[in-house]
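All heavy atoms count here, side chains included; hydrogens, waters and symmetry mates do not.
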Amino acid sequence: MKQRKEIHDLIAASLRDELSGEELDVLREWMAENEHHRRLVEDLRDEKMLRDDVRLFASFDTGKCWERLAAEMGQREVKKRSLLRKWIAYAAAAVVLLVAGAIWYLQPKEEGVKIAEVAPVTINPGETQAVLVLEDGNVLPLKGMKDTTILIGERERLTIDESGNLKYQLTGNSQMPSFHTLRVPRGGEYKIVLDDGTEVWMNSASELRYPAHFTGDMRKVELVGEAYFHVAHDREHPFVVVTRGVDVRVLGTSFNVSAYPDESAVTTTLVEGSVELDAEELGQAVRLSPGEQGVWENRRMDVRQVNTKLYTSWIKDRFSFESEGLETVLRRLARWYNVDFRIENPEMKEKFFSGTIPKYEDVSKVLKVMEMTTNISFEVKDSVVIIQ
């Protein structure tokens, strides 16, 4: 185990140009063992974006992944030669975790597997876009709008800054209609600053319903999908996010809520501050501390410690995963790229993925990264990505 961990460390060091002469000889010997090793290292060297992500993944607990790999291998009795081949595959996978490529594990790669060529595609990543639905039913498309003022009613104005962010800054005696709804389609993202100064980053296929002007004792919004909130502090007026049977109550904090209709769980990930999670079946609210995540599923609330970067990197131009099932990963990519995935090989549903994917790369490059260390292959037909 130690020897193979050294190999993945050597490859990561080579990408940072930190190898000594002796270490370089060891790495070259490993590359000479077979064609797969050589191609893996060369592909990583050619991918500048993998170099740039080393620092991000340095904060991930790669040790846990090694423990899981060891446990998985410990469940199987194999011959010495087969065991060595499995460790080679897992070492290559761990390399890509460290350098922010991709890991596929729980099934070893076979010797001689060829990396599938990704067919040219024209599926582009998502972009800043949304529609604003006013109380009277009027719909305002916001795609492409920047540095703009929108007149609403007789005196009130909304502004869209030079970055394309919608901002509410209404007067204290605003007579604006009560509620607005911001809808972000598949293939989109959007940032909005509410009337109280709360910043909200909206992910693809998400919807936020909110008062145009907060009044009363509570600031309440309703969410479908996923959003990251940085709530303006106001002790006298708690901020509440209502979504799929769970109320997230805060005073001033930063957190992520994911509550997509096609996901079985509602997750709340706290970055800083404090939040309380309440549901009708709970009986009492559950309080989270920074670094904790509340998972509401099957009428049960579980609280666990997490690496918050995994759940908030999407607002910083990355999708990050740790031991996520293939279907979960593909659902996130489908929303962002506005494309459908179809798994034709049932065995692929047993795959787990760890890694980080740049959001604004063409889908062909994303698929190439995912193919680099596994025998999985993709084929694009009529804007549907088929997993074989």
Side-chain angles (χ1 to χ4, degrees), residues 135 168 178-184 190-315 324 328 331-332 335:
E135 179 83 356
Y168 283 71
S178 299
F179 283 90
H180 289 175
T181 300
L182 187 70
R183 293 174 180 166
V184 181
Y190 207 83
K191 180 182 176 183
I192 179 174
V193 181
L194 301 177
D195 182 47
D196 65 337
T198 292
E199 299 175 276
V200 186
W201 287 258
M202 301 286 294
N203 208 345
S204 302
S206 300
E207 179 177 305
L208 186 72
R209 185 173 183 266
Y210 53 92
H213 181 61
F214 287 108
T215 60
D217 298 332
M218 188 178 299
R219 298 171 288 167
K220 181 181 292 188
V221 302
E222 300 173 15
L223 173 69
V224 176
E226 184 171 22
Y228 180 88
F229 295 84
H230 182 70
V231 177
H233 184 79
D234 184 349
R235 182 172 296 276
E236 301 301 322
H237 303 88
F239 191 96
V240 178
V241 181
V242 178
T243 181
R244 286 185 55 193
V246 179
D247 292 353
V248 184
R249 180 186 177 96
V250 305
L251 297 176
T253 189
S254 298
F255 61 98
N256 191 83
V257 178
S258 181
Y260 284 107
D262 59 351
E263 300 284 356
S264 60
V266 175
T267 61
T268 303
T269 307
L270 181 62
V271 177
E272 60 181 27
S274 178
V275 302
E276 289 185 347
L277 308 180
D278 196 9
E280 184 177 347
E281 293 88 346
L282 281 177
Q284 64 179 16
V286 173
R287 175 164 293 201
L288 298 184
S289 298
E292 290 184 335
Q293 181 182 78
V295 181
W296 175 250
E297 188 172 17
N298 297 325
R299 297 184 177 182
R300 174 180 173 179
M301 183 71 72
D302 291 323
V303 177
R304 59 191 183 188
Q305 289 284 338
V306 298
N307 182 344
T308 60
K309 293 181 180 179
L310 290 168
Y311 303 93
T312 61
S313 63
W314 65 269
I315 72 171
E324 291 285 356
T328 299
R331 279 196 295 268
R332 293 188 67 180
R335 297 181 193 119

- Task: Return the orientation label for the Trp201 and Tyr228 ring planes: parallel under 30°, perpendicular over 60°, tilted otherwise.
- Result: perpendicular
- Message: As an exercise, state the distance from CZ of Phe179 to NZ of Lys220, rounded to the nearest 0.5 Å.
- Response: 8.5 Å
- What's the shortest heavy-atom distance between Ala232 and Gly197, and which atoms? CB-C, 4.0 Å
- Message: Does Asp262 have more than 12 heavy atoms from other residues, nucleotides or ligands lying within 6.0 Å of its CG?
- Response: yes
- Euclidean distance, Leu277 CG relative to Arg287 CZ, rounded to 0.5 Å: 10.5 Å
- Item | Point-to-point distance, once rounded to the nearest 0.5 Å, from OH of Tyr260 to OG1 of Thr243 | 11.0 Å
- Query: So, Arg331 and Glu226, do they make that salt bridge, N to O below 4.0 Å?
  - Reply: no
- Do you know which of Asn256, Leu288, Thr267 makes side-chain contact (heavy atoms from CB on, under 4.5 Å) with Gln293? Thr267
- Query: Under 3.5 Å, is there a donor-acceptor pair between the side chain of Arg219 and the main chain of Leu251?
  - Reply: yes
- Over all heavy atoms of both residues, which pair between Phe214 and Asp195 is shortest? Give the atoms and the distance, please. N-OD2, 3.6 Å
- Message: Checking the side chain of Asn298 only, and the main-chain atoms of Arg300 only, is there a donor and an acceptor separated by less than 3.5 Å?
- Response: no
- Query: If you count the non-hydrogen atoms of other residues, nucleotides and ligands that lie under 6.0 Å from CZ in Arg244, is the total more than 12?
  - Reply: yes
- Query: Heavy atoms, side chains only, cut-off 4.5 Å: are Phe239 and Leu194 in contact?
  - Reply: yes
- Minimum-distance pair of heavy atoms, taken over all atoms of Ala279 and Gly245: CB-O, 3.4 Å
- Go through the steps for Tyr210 and Val200 under the test side-chain contact (heavy atoms from CB on, under 4.5 Å), then give the verdict. CA-CA 11 Å; Tyr210 53 92; Val200 186; over 6 Å; no
- Query: Minimum heavy-atom separation for Val271 to Pro290, with atom names?
  - Reply: O-CB, 3.5 Å
- Query: Looking at Arg304 and Asp302, does any basic side-chain N land under 4.0 Å from a carboxylate oxygen?
  - Reply: no
- Side chains of Asp234 and Asp196: closer than 4.5 Å at any heavy-atom pair? no
- Any donor-acceptor pair under 3.5 Å from Arg249 side chain to Ala285 backbone: no
- Task: List the atom of Gly216, the atom of His237, and the distance in Å for their closest heavy-atom pair.
- Result: O-CD2, 3.0 Å
- Task: Over all heavy atoms of both residues, which pair between Gln305 and Gly291 is shortest? Give the atoms and the distance, please.
- Result: OE1-O, 3.3 Å
- Query: Can you tell me if Thr181 uses its side chain to pair, donor with acceptor, with the backbone of Arg209 under 3.5 Å?
  - Reply: no
- Query: Just how far is it from atom CH2 of Trp296 to atom CG of Asp278, taken to the nearest 0.5 Å?
  - Reply: 9.0 Å
- Does the side chain of Val221 reach to within under 4.5 Å of the side chain of Phe229, using non-hydrogen atoms? yes
- Message: If I take atom OG1 from residue Thr312 and atom CG from residue Leu270, how far apart are they, to the nearest 0.5 angstrom?
- Response: 11.0 Å
- Task: Supply the atom-to-atom distance Glu236 CD to Asp217 CG, rounded to the nearest 0.5 angstrom.
- Result: 9.0 Å
- Please walk me through it: do Leu182 and Met202 pass side-chain contact (heavy atoms from CB on, under 4.5 Å)? CA-CA 9 Å; Leu182 187 70; Met202 301 286 294; 4.1 Å; yes
